[in-house]
Amino acid sequence: MDILRYSISVSAVLVLAMFYPIDGYQSTGIKRLKRLEKTIDSTLVERYLKPGSFKKSDEVNLWLCEDTKSVDSLMVVDKDFQSKMHKLFPNSSGYGIAVMDISNLNNPKYAQLNENSGFQPGSVGKIAVATAFFNELRNLCPEDWSVRQRLLKNKVVKSGNWGLYDHHTIPVVNLENNKLVKRTVVFNDQFSLYEWLDHMLSVSNNGAASIVWREALLMHVFGDAYFGLTQEEADAYFNNADKSELTDIAINLVNQPLRNIGITHDEWRLGSFFTNGPDQYVGSKGGSIGTPKGLMKFMVQLEQGCVIDEVSSLEIKKLLYMTDRRIRYAYSPQLDTAAVYFKSGSLYSCDQSKSTPCGKYMGNRYNYMNSIITVEHEDGTNYMVCLMSNILSKNSAGDHMYLASAIDKTIRSINNTNHDSQAVTTDNSDDI
């Protein structure tokens, strides 16, 4: 029997505890985590990571697993909470937001603003890719998470054209000398499935997203044969496949898991790969769009353990846990001591013929900035936010950071928690 398919008997409790974040190298093989673990007491890590980045594996939980209510019944506006949230957006044009406070699990509070407005989702769409990937992984190994995890850790795949080209760098770690090099993906790069997932979500690498999507497609097409599928066999399949048919399969594969949990076509969809390399094999279809309502539906059901299944939901949440530098919304000093599970995406464009200001994250033609986040404070204040915006000629990275501080202060005030005010600084961090 193939070693990847060999299974051991282990209790569900132990399986759920064998994850990460920083303490998860042994179970995942993600070298970035091992380097962080080895240097955890250094001043480098102290400067690089926030205090809220050091949760242990068994401290990451799903909060709504015991709540069997439908997502629609949970996302009912609380008028008082709605009023407090709306006061933070005196000029609501160009913003869309959904917020759910789950500090009191028996009485969640929900607010929304322009919740059905459609925005270009950018890199937030990588969560849909992760969902499709874990859906195909579940279909491949429906009964045993340990088999799935072993495949994630042990199967190594090559970038090829699929990872080209993206300006976002990835961390390449040499554990023998504890050296880290940050560079773009190259044609011959080979990483495990776990590491490609980590590259996609922790540093938002576009090439990694295309590769993860490609592997989900191969799982779907080859089924059990995927366990032993060689790189040569995978390349031969794509070289000979009908592009039109492959496009239909790929687009349906990444969107159907969203439909399965009640997110409609107009609430969230993904229509193209994240790099140009796949263009010779698969096309685009239907465009990409995201709404605060659609993204919040996903986040609520992730906490319920309803995205694929409970172990997949927990794994996706752990992959979103910030053990890398924080940016944009997550850069707010109000969140420094909180655990944050985060993904952001931006897309901006400048029209030089206009006299209005334009620059990085402040496009005057369009200026999309999207942030989804789950915040968990040590005092028990827990909440989820989906913030999407298209505010022209305004630094959206800084804007989201300021709004993050205001939202956090308001929610903690509502829950009568004590917290120290911290000065808000300007976001000078680079894009990921």
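Any value given below was found using the heavy atoms of this structure, including those in side chains, with hydrogens, waters and symmetry copies removed. Sequence positions, counted from 1, serve as the residue numbers for this chain.
At least one side-chain heavy atom of Ser344 sits less than 4.5 Å from a side-chain heavy atom of Phe342. Contact of the Val157 side chain with the Gln231 side chain is registered, since non-hydrogen atoms from C-beta on lie closer than 4.5 Å. Side-chain contact between Phe81 and Ile411 is present, with heavy atoms from C-beta onward closer than 4.5 Å. Looking at Met384 and Val300, their side chains come closer than 4.5 Å, going by heavy atoms from C-beta outward.
When atom types are taken as modelled, the side chain of Ser73 and the backbone of Ser70 share a donor-acceptor pair closer than 3.5 angstrom. Looking only at distances, a side-chain donor or acceptor of Ser202 sits under 3.5 Å from a matching main-chain atom of Asp198. Remark: side-chain polar atoms of Ser27 are paired, donor with acceptor, to backbone N or O of Gly24 under 3.5 angstrom. A distance-only check finds no donor-acceptor pair linking the side chain of Ser389 to the backbone of Ile391 [under 3.5 Å]. Side-chain atoms of Ser210 come within 3.5 Å of backbone N or O of Phe274 as a donor-acceptor pair. No donor-acceptor pair closer than 3.5 Å links the side chain of Arg150 to the backbone N or O of Lys155. The main-chain N or O of Trp162 is found under 3.5 Å from a side-chain atom of Thr275 such that the two form a donor-acceptor pair. At distances below 3.5 Å, at least one donor-acceptor pair connects side-chain atoms of Thr291 with backbone N or O atoms of Glu267. Using modelled atom types, one side-chain atom of Arg269 and one backbone atom of His265 make a donor-acceptor pair closer than 3.5 Å. Judged by distance alone, with hydrogens and angles left aside, the side-chain atoms of Asn114 form no donor-acceptor pair with the main-chain N or O of Ser117 at under 3.5 Å.
Considering CG of Asp67 and CD of Gln304, their distance stands at 6.0 Å, rounded to 0.5 Å. Atoms CD1 and CH2, from Ile289 and Trp268 in turn, are 13.0 Å apart once rounded to the nearest 0.5 Å. How far CG of Asp224 is from SG of Cys141: 8.0 Å, rounded to the nearest 0.5 Å. In this structure, CH2 on Trp145 lies 8.5 Å from CG on Leu314, to the nearest 0.5 angstrom. With values rounded to the nearest 0.5 angstrom, Asn240 atom CG is found 11.5 Å from Leu246 atom CG. Atom CD1 of residue Ile308 and atom CG of residue Leu302 lie 10.0 Å apart, to the nearest 0.5 angstrom.
Between the side chains of Ser103 and Lys109, no donor N or O sits under 3.5 Å from an acceptor N or O. A donor and an acceptor atom, one from each side chain of Tyr383 and Glu376, are nowhere located under 3.5 Å apart. With hydrogens and angles left out, the side-chain atoms of Asn206 and Lys126 include a donor and acceptor closer than 3.5 Å. Side chain to side chain, Thr247 and Ser244 fail the donor-acceptor criterion of an N or O pair below 3.5 Å. No donor-acceptor contact under 3.5 angstrom links the side chains of Gln82 and Asp78, judged on distance only. Side chains of Asp399 and Tyr95: a donor on one and an acceptor on the other come within 3.5 Å. Ser313 and Glu310 share no side-chain donor-acceptor pair at under 3.5 Å. Donor-acceptor pairing under 3.5 Å is recorded for the side chains of Asp408 and His377. A donor and an acceptor atom, one from each side chain of Thr169 and Thr184, are nowhere located under 3.5 Å apart.
The side chain to side chain donor-acceptor pair (under 3.5 Å) pairs that include a residue from residues 364-375 are Ser349-Arg365, Thr356-Asn364, Asn367-Ser396, Ser371-His400, where partners are two or more places apart or lie in different chains. For the salt bridge (charged side-chain N to carboxylate O under 4.0 Å, His left out) condition, the pairs that include at least one residue of residues 165-183, sequence neighbours left out, are Arg183-Asp189.
Within a 6.0 Å sphere centred on CD of Glu59, other residues, nucleotides and ligands contribute more than 12 heavy atoms. Annotation: Glu378, atom CD; neighbour count of heavy atoms from other residues, nucleotides and ligands within 6.0 Å does not exceed 12.
The pair Asp58-Lys56 does not count as a salt bridge, with every side-chain nitrogen at least 4.0 angstrom from each carboxylate oxygen. Classification of Lys293 and Asp72 as a salt-bridged pair fails, no side-chain N sitting under 4.0 Å from a carboxylate O. Salt-bridge annotation for Lys317 and Glu303: present, with a side-chain N of the basic residue lying under 4.0 Å from a carboxylate O of the acidic one.
The nearest pair of heavy atoms linking Pro333 to Ser405 is CD-OG, 4.4 Å. Across all their heavy atoms, Gly223 and Leu140 have their closest contact at O-CD1, 3.1 Å. Counting all heavy atoms, side chain and backbone alike, Ala330 lies closest to Leu335 at CA-CD1, 4.1 Å. What you find for Met75 and Met100 is that their closest heavy atoms are CG-CE, 3.8 Å. Looking at every heavy atom in both residues, Arg326 comes nearest to Ala339 through NH2-CA, 4.4 Å. Closest approach of Tyr321 to Ser53, counting heavy atoms only: OH-C, 2.9 Å.
Applying the side chain to side chain donor-acceptor pair (under 3.5 Å) rule to Thr131 yields no partners; only residues at least two apart in sequence or on another chain are considered. Remark: Cys306 pairs with no residue by the disulfide (SG to SG under 2.5 Å) rule, at least two apart or across chains. Shown here are the ring-ring contact (aromatic ring centres under 6.0 Å, His included) partners of Phe191, two or more places apart in sequence or in another chain: Trp196, His199. In this structure, the salt bridge (charged side-chain N to carboxylate O under 4.0 Å, His left out) partners of Lys285, at least two apart in sequence or on a different chain, are Asp248.
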Test side chain to side chain contact (heavy atoms under 4.5 Å, CB included) on Met299 and Ile372 and set out the steps.
CA-CA 9 Å; Met299 296 178 73; Ile372 70 165; 3.9 Å; yes

With side chain to side chain contact (heavy atoms under 4.5 Å, CB included) as the criterion, how do Leu151 and Phe227 come out once you've worked through the C-alpha distance, each side chain's angles and the decisive distance to 0.1 Å?
CA-CA 8 Å; Leu151 182 65; Phe227 285 96; 3.9 Å; yes

One pair to check against side chain to side chain contact (heavy atoms under 4.5 Å, CB included): Leu36 and Leu49. What are the steps and the verdict?
CA-CA 10 Å; Leu36 286 176; Leu49 297 179; 4.2 Å; yes

Asp266 vs Thr264, test: side chain to side chain donor-acceptor pair (under 3.5 Å). Steps then yes/no.
CA-CA 5 Å; Asp266 291 330; Thr264 69; 5.6 Å; no

Worked verdict on Arg325 versus Lys50 for side chain to side chain contact (heavy atoms under 4.5 Å, CB included)
CA-CA 8 Å; Arg325 62 190 177 89; Lys50 302 301 181 184; over 6 Å; no

Show your reasoning for whether side chain to side chain donor-acceptor pair (under 3.5 Å) applies to Tyr194 and Glu315.
CA-CA 11 Å; Tyr194 250 136; Glu315 180 68 355; 2.9 Å; yes

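Ring centroid separation for the pair Tyr237 and Phe222 comes in under the 6.0 Å cut-off. The aromatic ring centres of Phe133 and Trp213 sit 6.0 Å or more apart.
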